[in-house]
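In what follows, a single structure is set out as structure tokens and then discussed.
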Number of protein chains: 2
Amino acid sequence: MDPTVFDQKIAYFKQNMPPQCPILYSLKIIGSKWKIPILWHLMLEDGQHYNQLKRTVGNITNTMLTKSLRELEHDGLVRRHSYETVPPAVTYHLTDLGKSLVLTMGELFDWGKALEEQHGVPTTPTSNREES
Amino acid sequence: MDPTVFDQKIAYFKQNMPPQCPILYSLKIIGSKWKIPILWHLMLEDGQHYNQLKRTVGNITNTMLTKSLRELEHDGLVRRHSYETVPPAVTYHLTDLGKSLVLTMGELFDWGKALEEQHGVPTTPTSNREES
DNA sequence: CGGAATCCTCAACGATACTG
DNA sequence: CAGTATCGTTGAGGATTCCG
């Protein structure tokens with residue numbers, strides 16, 4: 001932890017600080033329970049169908065998947081593509097903004113990974129069921 | 001959005017992916033309502049007292065401030081320093097781990113800032129009261 | 001297949017009062 | 001000053017059913 005680097009970054013934060021903290025703004029967009037998992041699995045395989053996404057994300061209900069996708073679409077992270085066929089087919093794709101967020105989360109990925117290897121479970125554990 | 005950079009990062013994620021996604025791990029640590037504001041104000045001024053922190057964070061209850069600080073302490077982001085005086089005095093400090101997280105959030109800061117300047121309010125707005 | 005509608009539960013969070 | 005204890009509230013999320 002280089003003190004100089006830290007202080008420089010703080011100075012940058014202070015100078016560029018709008019009324020509402022941008023970090024909170026970002027977290028409002030991606031903070032709800034299923035946003036990251038959805039973006040994550042779209043990153044691993046783009047253009048997934050609704051039910052396909054439901055399977056890969058795992059344990060998510062229709063309600064939450066639809067709601068999350070609508071919000072992600074509204075915030076411009078995901079694009080919905082509908083094929084006019086019978087039966088209907090819909091695919092979901094990361095937008096450039098969505099991809100840029102995934103890259104942004106890269107540092108948080110590394111930070112969490114390093115920490116997880118040191119500590120064990122964080123303070124507020126969540127049930128983490130996986131089927132075999 | 002450079003496709004090559006994106007694909008390289010995905011490959012890195014896939015290769016280094018533990019069972020539980022590290023991003024979710026990070027968000028579990030900092031995701032609750034007051035964690036970021038607390039870390040933020042400790043970054044702006046380190047070593048704040050309990051009530052001082054309560055004032056600068058703003059509108060936080062004793063319950064939540066104490067709970068959040070305990071969790072941050074448990075997760076190693078904050079260090080509590082107690083002076084054995086009468087009346088008692090306590091100061092809170094960012095640890096190196098806490099500072100590293102603040103730096104990590106830098107990208108999310110920039111991402112949110114850029115987005116906020118384009119869009120307006122995100123999908124799930126939160127009341128954002130400030131006293132004059 | 002890809003959802004929408006409805007109802008319900010619970011845990012995070014808030015409010016208030018009290019204390020070493 | 002720096003909290004703890006208790007209780008009340010609310011909204012995110014889950015479960016279930018139904019639809020074009």
Side-chain angles (χ1 to χ4, degrees), chain A residues 24 27-38 41-42 47-75 78-93 121-129 131, chain B residues 24 27-38 41-42 47-75 78-93 122-131:
Chain A
L24 293 180
L27 287 183
K28 271 197 284 194
I29 292 178
I30 58 164
S32 72
K33 182 171 181 182
W34 297 101
K35 296 287 179 67
I36 292 294
I38 289 171
H41 287 280
L42 277 183
Q48 293 193 54
H49 290 222
Y50 182 89
N51 280 317
Q52 182 185 7
L53 198 51
K54 190 180 173 187
R55 277 191 302 277
T56 56
V57 169
N59 295 114
I60 187 173
T61 60
N62 280 334
T63 317
M64 288 314 294
L65 180 54
T66 301
K67 183 166 181 285
S68 302
L69 284 171
R70 292 285 179 275
E71 292 176 359
L72 288 172
E73 201 186 350
H74 173 264
D75 291 328
V78 160
R79 185 169 33 82
R80 179 179 185 275
H81 189 260
S82 173
Y83 300 85
E84 297 299 332
T85 58
V86 178
V90 175
T91 53
Y92 288 94
H93 307 259
V121 181
T123 305
T124 47
T126 310
S127 64
N128 181 19
R129 300 179 48 257
E131 260 77 54
Chain B
L24 293 179
L27 287 183
K28 271 197 285 192
I29 291 178
I30 59 166
S32 72
K33 182 170 181 181
W34 297 101
K35 296 286 180 69
I36 292 292
I38 290 172
H41 286 280
L42 277 184
Q48 292 193 53
H49 290 222
Y50 181 90
N51 280 317
Q52 183 184 5
L53 198 50
K54 190 181 173 186
R55 277 191 303 277
T56 55
V57 169
N59 297 112
I60 187 173
T61 60
N62 280 335
T63 316
M64 288 313 294
L65 179 55
T66 301
K67 182 166 181 287
S68 302
L69 283 171
R70 292 283 180 276
E71 292 176 0
L72 288 172
E73 201 186 349
H74 173 264
D75 291 329
V78 160
R79 186 168 31 83
R80 179 180 185 273
H81 189 258
S82 173
Y83 299 85
E84 296 300 333
T85 58
V86 178
V90 174
T91 53
Y92 288 93
H93 308 258
T123 304
T124 47
T126 309
S127 64
N128 180 20
R129 300 178 49 254
E130 297 285 312
E131 261 77 53

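Convention: sequence-line order gives letters A, B, ...; per-chain numbering from 1. All values reported here derive from a predicted model rather than from experimental measurement.
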Separation of atom CZ in R80(A) from atom C1' in dC1(C), rounded to whole Å: 11 Å
Residue T66(A), side-chain atoms from C-beta onward, closest of dG14(D), dA4(C), dG14(C): dA4(C)
Minimum-distance nucleotide to V90(A) side chain [options: dA2(D), dG3(C), dA15(D)]: dG3(C)
Spacing of L69(A) atom CG relative to dG2(C) atom C1', expressed in whole Å: 11 Å
Whichever of T63(A) and P87(A) has its nearest DNA chain C nucleotide further upstream toward 5': P87(A)
Presence of H49(A) side-chain N/O under 4.0 Å of dG2(C) phosphate oxygens OP1/OP2: yes
Proximal nucleotide (of dC13(C), dA2(D), dG14(D)) relative to the A89(B) side chain: dA2(D)
Closest-nucleotide 5' rank along DNA chain D - winner of G31(A) and N62(A): G31(A)
Euclidean distance, atom CZ of residue R55(B) to atom P of dG3(D) [Å, nearest integer]: 14 Å
M64(A) CE - dG13(D) P separation (whole Å): 4 Å
Any K67(A) side-chain nitrogen or oxygen under 4.0 Å from OP1 or OP2 of dA12(D): no
Between T56(A) and Q48(A), a side-chain donor and acceptor under 3.5 Å: yes
Rounded interatomic separation in angstrom, taking CD from Q48(A) and P from dG2(C): 11 Å
Over all atoms of both residues, closest heavy-atom pair of I30(A) and K35(A): O-CB, 3.5 Å
Integer-rounded Å distance: dC1(C) P and E84(A) CD: 17 Å
Whole-Å distance separating the OH atom of Y50(B) from the P atom of dG3(D): 6 Å
Short side-chain to backbone donor-acceptor contact, K54(B) and L65(B), under 3.5 Å: no
Distance, rounded to the nearest Å, where I60(B) contributes CD1 and dA12(C) contributes P: 15 Å
Sugar-phosphate, base or nothing in reach of Y92(B), heavy atoms under 4.0 Å: sugar-phosphate
Any donor-acceptor N or O pair under 3.5 Å, side chains Y50(A), T66(A): yes
Side-chain donor or acceptor of Q52(A) paired with backbone N/O of H49(A) under 3.5 Å: yes
Nucleotide nearest S32(A) (side chain, heavy atoms from C-beta), chosen from dG3(D), dG13(D), dG14(C): dG13(D)
